[in-house]
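Values in this document were obtained by computation on a predicted structure and should not be read as measured data. We use all heavy atoms of the structure for the numbers below, so side chains are in, but hydrogens, waters and symmetry mates are not.
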Amino acid sequence: MKYMKFLTLALATFMLSEMVLAGVKELTGAGATFPYPLYFKWFDIYRNETEVKVNYQAIGSGGGIRQLLNKTVDFGATDAFMSDKELAKSSVPILHIPTCLGAVVLTYNLSGNPDLKFTPDVIANIFLGKIIRWNDKRIAELNPEIKLPAEKIVVVHRSDGSGTTFVFSDYLSKVNKEWREKVGRGKSLSWPIGLGGKGNPGVAGLVKQIKGAVGYVEVAYAIQNKMPYGSVKNSSGNFVKPTLKSISLAANIPLPPDTRVSITNTSAAEGYPISTFTWLIFYKEQNYSGRSIKRAKELVNLLWWAIHEGQQYNKTLLYGRLPGAAVAKAEKIIKSMTYSGKPLMR
Amino acid sequence: MNKERTFRAILILVGMILSLLLLAIFLSLLWGSFPSIKALGWKFFYSEEWNPITNKFGALPFLIGTLVTSFLALAISFPFSLAVSIYLGEYMRAGKISTLLKVTIDLISAVPSVIYGFWGLIILVPLVRNIEMKLNIPPYGVGIFTATLILSVMVIPYSATIVREVIELVPDDLKEAAYSLGATKYEVIKDVVLPYAKSGIFAGLLLSLGRALGETMAVTMVIGNNNKLPKSLFAPANTMASLIANEFTEAVGNVYLSSLIEMGLLLFIVTAIINIIGKYIINRTTVQMRE
């Protein structure tokens, strides 16, 4: 008898929760893994505030773009903005809004964990396999106060396709001709040298284990795991340490109206040069695949929330906050969204 | 009678579904590979270059990486699985030690592969690095050798279990006949048991090999993920399964995605060919036995 009672109770609870869930409106998104911790937090808070549940699958930027093109999600997320060629695959316009800023830092394993300084050429030559020892003159003259060992440099890179690799190679392609011609930019590269680690933890693990190793990881990952990382000389000639502030400052450049811009090698004097936006992507015309106007409005509300209220959570999760100019551009883009040709906002 | 017929129909149906499923997987892989086959042709199979930026995709480094790690792992694991099988099948069929060994073997296969990879990364990689330092080669720690070691542990249960069962199946009258002629235990095992169990041993090896060829997670964590043709046993390399797992999520562009699918097709075909050859050898040895 007791057993039966318990079963009935369990069933009732189950059905009740089902009913509650059915009452909550749901949006779906998919894409980038890099901003996933932030999005997870955002959507959790958003659900508490608005009762709209956002189901976000961190399947990678490539997957996010594919799912949006297949119209199986309300929005996608990507670390590298869609190229003109990719956008051309869609018969209707796709919009981008930036949500936060991230950066790629150089981390290394040297005794004493010194604060190293790098120039663009030194970074490129290390990853091209042309600077092979730590006490190379080119590194030494940037860091005269540090006694560098004669150890061999072991290069560690990402083995999985990733936005982090894209940003890093995008930067190197801008600042180094040889890199641009020999390697290029992309989420997966044909690396001249080095070992591959899967994900930030894979790269960090190898760097931590191998004396003399150097690798690149996301700034949030490096800070959380207390890894040493160096400052990089930007295009204004300043050596800038990656901080949330210097990363946000990197976005202080003239932005195009569609916000699709690479901010690596920024012209901002105090900006960290290997910084990037990450974007949400969605359709301009929201009436597709039989979506209701209500759903379209929910999406607009979510996007608006993300670039305003959502921004206060960026800092705690170690993502750079959008500068005012970027927010203003994003507002304009959201306002341009339509349903059957009519604007969804004001 | 009617029941008999329904039962038979169900059996056939289920069997057919399985074969159809396999065929469907093959066809969908083939279908997905078309853009890459069209763009790259045969070059895909012999080119050494894997460059998603210039859209040049060659499977050779990964094919070599897969075959080398798998066959080496098999070679390392074989003495162990054979020894365990002989011990369990001939010397200690029951008892506490036997149970302990059997449970251990079962557990080896039950451990998720990500745990092997993790263990390899923390324990094995530093060990290999020490060896490499003594040998005066670049001390990466990760590479073909480390991946092979991990794989060889992982595949032991697959052959050990089957081989043990086959050894236990060797008819007692055959062994008794040998003993009555004055053969020692070693001679019985060498001249009666192993020859009799030959095809079963081979089947066990095949199963282990299949497991090694497709292993992804553990390998990707310790092989170094270098997409170039490996130059030495200690060099970082990559395998087909590991490459697919690494690059599939972020692959954009038709040819790129399609090349990864073609890599899957290649892995499928390699596994199939090895299985077919294996079956052929098993059949031949069984026929020889009967004769």
Participant: Report, as yes or no, whether the 6.0 Å neighbourhood of atom NZ on K56(B) holds more than 12 heavy atoms from other residues, nucleotides or ligands.
Facilitator: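 Check fails, neighbour count at 12 or below.
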
Participant: Indicate yes or no for a side-chain donor-acceptor contact from T220(B) to the backbone of M217(B) under 3.5 Å, with no hydrogens or angles considered.
Facilitator: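 Absent.
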
Participant: Within residues 182-194 of chain A, which positions have a heavy-atom distance to chain B below 4.5 Å?
Facilitator: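 Within residues 182-194 of chain A, the residues under 4.5 Å from chain B are V183(A), G184(A), R185(A), G186(A), K187(A), S188(A), L189(A), S190(A), W191(A), P192(A), G194(A).
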
Participant: The test is side chain to side chain donor-acceptor pair (under 3.5 Å); show your working for N238(B) and N226(B) and say whether it passes.
Facilitator: CA-CA 6 Å; N238(B) 213 343; N226(B) 184 312; over 6 Å; no

Participant: Looking at Y288(A) versus Y283(A), is the centre-to-centre ring distance below 6.0 Å?
Facilitator: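 Yes, they do, as the ring centres are separated by less than 6.0 Å.
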
Participant: Strictly under 6.0 Å, is that where the ring centroids of Y56(A) and W42(A) end up?
Facilitator: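 Y56(A) vs W42(A): aromatic centres not under 6.0 Å.
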
Participant: For chain A, which candidate among I122(B), I53(B), L257(B) shows the most heavy-atom pairs at distances under 4.5 Å?
Facilitator: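 Ranked by contacts with chain A, first place is I53(B).
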
Participant: Counting only non-hydrogen atoms closer than 4.5 Å, does S162(A) touch chain B with its backbone (N, CA, C, O), its side chain (CB onward), both, or neither?
Facilitator: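 It is the backbone, since no side chain atom gets that close.
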
Participant: Can a donor-acceptor pair be found, under 3.5 Å and without considering hydrogens, that links the side chain of T216(B) to the backbone of G214(B)?
Facilitator: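 Confirmed, T216(B) side chain pairs with G214(B) backbone.
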
Participant: When rounded to the nearest 0.5 angstrom, what distance separates NZ in K130(A) from CZ in R138(A)?
Facilitator: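 One finds 8.5 Å between NZ of K130(A) and CZ of R138(A).
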
Participant: Using heavy-atom distances under 4.5 Å, tell me whether L243(B) contacts chain A through its side chain, its backbone, both, or neither.
Facilitator: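 Neither the backbone nor the side chain of L243(B) comes within 4.5 Å of chain A.
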
